[in-house]
Amino acid sequence: MKTHHTETDVLRLTASFSVALLHSAAARMSGHLSAADGAWVPCLLNALCRFGVPVFVMISGRYMLASECSIRRAGSKAAKTLGALLLWSSVYLGYALLAGWRPAGTGDVIWRLLTEPVHLWYFYAAAALYLLAPVLSVFTRHATHRQFLYGLALTGTMGCVVVILLRTGRFPMLSAIMEQTKLPYTTGFLFCYLLGYYLFRYPLGRRGLILLGGAGILGWAATFAGTLWLSGRAGAWNDLLLSFYAPNVVVTSAAVFAWAQRIFGRWAMPDRARRVLAAAAGTTGGIYGLHMLVLWQLARMGLPMLAEALTVYLVSGAVVWVIQRTWHFGRRCLHPAGTKTE
């Protein structure tokens, strides 16, 4: 029987809703170029919701790295995650065919099956993190506190700071050096993966939580204001600071994760409410896979952004809940990493 923790289930539900709201906001941002054009509200919400994916990674790291992870276990989880990817890709492929898309050949079908829609990229990232867990769990179980901090500093610098500097295109020498190392893009989510377990193993005190919370608020403000400023200068939307690897997004995500651990980790819920929360949280993996299909349909109705995102979230969750209770296979393949208690 799987163990459920209130703080984790709350994070899963919050992060999955943030992803739905993020995509709803992003769709509205595409038609505007500046705050004066009316885009500041969707930009504000987009910036606020960027924590969702990094938090999913932190959740997975907390559970996968808390004990020894066997190669067999990691391989099994990676295989299930890739199975979920193929399942959802097949659903979207079927939708595309019904909508009139016609492939030029078998190669087009395979390409679309493995690469579309874009938001399913996270399944690949999740599978890779699972496969790395047997190696990383050895480090997390035996590393001293100082060694752990060194690991965080290394992966955070290479995977967050350096990646954003490279994306600016203003550091040609750094780009040339990093091209030789091949490190930055392989360590982006490793930092969040390790950080999730670190914050669980070494919980922050009151002062640390306040400092991290303040940094998280500043990170969110930098995401919002910086995106508007950069986009205004470029005359088109600039997503540099919206990247899930951006330090401003990662620090906000860490703040959300740490504060949720503190607040909801001490929350004693009645058993019935606990079961309801666990059942709702069990739909988050399916919501991640399905929500874009639902969003495409609701976009035609012209609903207000928050109402649209909430409707997408609830409809997706209801559909997944029904599938999980009527189709046994559905229970086993609707959960990318971090969307269930590992």
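None of these values were measured; they are calculated from a predicted model.
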If you look at every heavy atom in [X] and [Y], which pair is closest and at what distance?
| X | Y | value |
| --- | --- | --- |
| L97 | P103 | CD2-CD, 4.0 Å |
| A133 | L65 | O-CD2, 4.0 Å |
| A66 | Y197 | CA-CE1, 3.4 Å |
| L290 | W88 | CB-CH2, 3.6 Å |
| G289 | L120 | CA-CD2, 4.3 Å |
| L165 | T168 | O-OG1, 2.6 Å |

Under a 4.5 Å cut-off applied to non-hydrogen side-chain atoms, are [X] and [Y] in contact?
| X | Y | value |
| --- | --- | --- |
| F191 | Y245 | no |
| R73 | S76 | no |
| V55 | I59 | yes |
| L166 | F171 | no |
| W101 | R112 | yes |
| L85 | T81 | no |
| P54 | F257 | no |
| C49 | V19 | no |

Trace of the side-chain contact (heavy atoms from CB on, under 4.5 Å) decision for L114 with L86 = CA-CA 7 Å; L114 297 180; L86 292 176; 3.8 Å; yes
Donor-acceptor check, side chain of [X] to backbone of [Y], threshold 3.5 angstrom: yes or no?
| X | Y | value |
| --- | --- | --- |
| T284 | A281 | yes |
| S137 | P134 | yes |
| T14 | L11 | no |
| T252 | F51 | no |
| T283 | V320 | no |
| N46 | P42 | no |

What's the separation between atom [atom1] in [X] and atom [atom2] in [Y], rounded to the nearest 0.5 Å?
| X | Y | atom1 | atom2 | answer |
| --- | --- | --- | --- | --- |
| S60 | L129 | OG | CG | 6.5 Å |
| R201 | L199 | CZ | CG | 12.5 Å |
| C69 | L132 | SG | CG | 10.5 Å |
| L149 | L154 | CG | CG | 12.5 Å |
| K77 | L131 | NZ | CG | 12.5 Å |

State plainly whether one hydrophobic cluster holds both [X] and [Y], where clusters connect Ile, Leu, Val, Met, Phe, Trp and Tyr through side-chain heavy atoms under 4.5 angstrom apart.
| X | Y | answer |
| --- | --- | --- |
| V276 | V10 | no |
| L48 | W259 | yes |
| V249 | M158 | no |
| L190 | V135 | no |
| L98 | L93 | no |

Return the set of residues passing ring pair (Phe, Tyr, Trp, His ring centres under 6.0 Å) with F17 (not counting sequence neighbours), or none when no residue passes.
-> Y313
Give me the other members of the hydrophobic cluster that W229 sits in, counting Ile, Leu, Val, Met, Phe, Trp and Tyr linked by side-chain heavy atoms under 4.5 Å, directly or via other members.
->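 Noted: W229 shares its cluster with I164, L230, L240, L241.
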Tell me who clusters with W111, hydrophobic residues only, linked when side chains sit under 4.5 Å apart either directly or through other members.
->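 Answer for W111: none, a lone residue.
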All N/O donor-acceptor pairs, side-chain side in residues 203-219, below 3.5 Å, sequence neighbours left out:
none

For Y193 and M58, run side-chain contact (heavy atoms from CB on, under 4.5 Å): C-alpha distance rounded to whole Å, both residues' side-chain angles, the deciding distance at 0.1 Å, then the answer.
-> CA-CA 5 Å; Y193 207 50; M58 292 178 195; over 6 Å; no
Can you name the residues that form a side chain to side chain donor-acceptor pair (under 3.5 Å) with [X], not counting sequence neighbours?
| X | result |
| --- | --- |
| D239 | R167 |
| S253 | none |
| H145 | Y198 |
| T106 | none |

Do [X] and [Y] have ring centres separated by under 6.0 Å?
| X | Y | answer |
| --- | --- | --- |
| Y124 | W121 | no |
| F244 | F189 | no |
| F148 | F139 | yes |

Which pairs would a plain distance check flag for residues 291-311, meaning a side-chain donor or acceptor within less than 3.5 Å of a matching protein atom at least two apart in sequence or in another chain?
residue: H291; atom: ND1; partner: I287; partner atom: O; Å: 3.1
residue: H291; atom: ND1; partner: Y288; partner atom: O; Å: 2.9
residue: H291; atom: NE2; partner: H23; partner atom: ND1; Å: 2.7
residue: Q297; atom: NE2; partner: Y95; partner atom: OH; Å: 2.8
residue: E308; atom: OE1; partner: S24; partner atom: OG; Å: 2.5
residue: E308; atom: OE1; partner: R28; partner atom: NH1; Å: 2.8
residue: T311; atom: OG1; partner: A307; partner atom: O; Å: 2.7

Using only heavy-atom distances, determine whether the side chains of T8 and Y63 contain a donor-acceptor pair under 3.5 Å.
-> yes
Verify whether one side chain among S231 and N238 offers a donor that lies under 3.5 Å from an acceptor in the other.
-> no
Residues forming a salt bridge (Lys or Arg N to Asp or Glu O under 4.0 Å) with R62, sequence neighbours excluded |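 Partners of R62 by the salt bridge (Lys or Arg N to Asp or Glu O under 4.0 Å) criterion, ordered by chain and then number, come out as E7.
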Could you pull out all residues at least two apart from R274 that satisfy salt bridge (Lys or Arg N to Asp or Glu O under 4.0 Å)?
-> D9
Has Y150 got more than 12 heavy atoms of other residues, nucleotides or ligands less than 6.0 Å from its OH?
->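 No, because the 6.0 Å sphere around OH of Y150 holds 12 heavy atoms or fewer from other groups.
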Keeping to residues at least two apart or across chains, list the salt bridge (charged side-chain N to carboxylate O under 4.0 Å, His left out) pairs with something in residues 141-163.
-> none
Within 45° cone and under 6.0 Å: R12 NZ/CZ vs F56 ring =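 No; the conditions do not both hold, so R12 does not lie above the ring face of F56.
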Evaluate side-chain contact (heavy atoms from CB on, under 4.5 Å) for L195 paired with T155, printing each intermediate quantity in order.
-> CA-CA 10 Å; L195 184 60; T155 54; over 6 Å; no
Derivation of the side-chain contact (heavy atoms from CB on, under 4.5 Å) call for V322 and V319 | CA-CA 5 Å; V322 171; V319 171; 6.0 Å; no
Does the ring-ring contact (aromatic ring centres under 6.0 Å, His included) test come out yes or no for F200 and H5, once each step is laid out?
-> CA-CA 12 Å; F200 168 69; H5 299 102; 7.7 Å; no
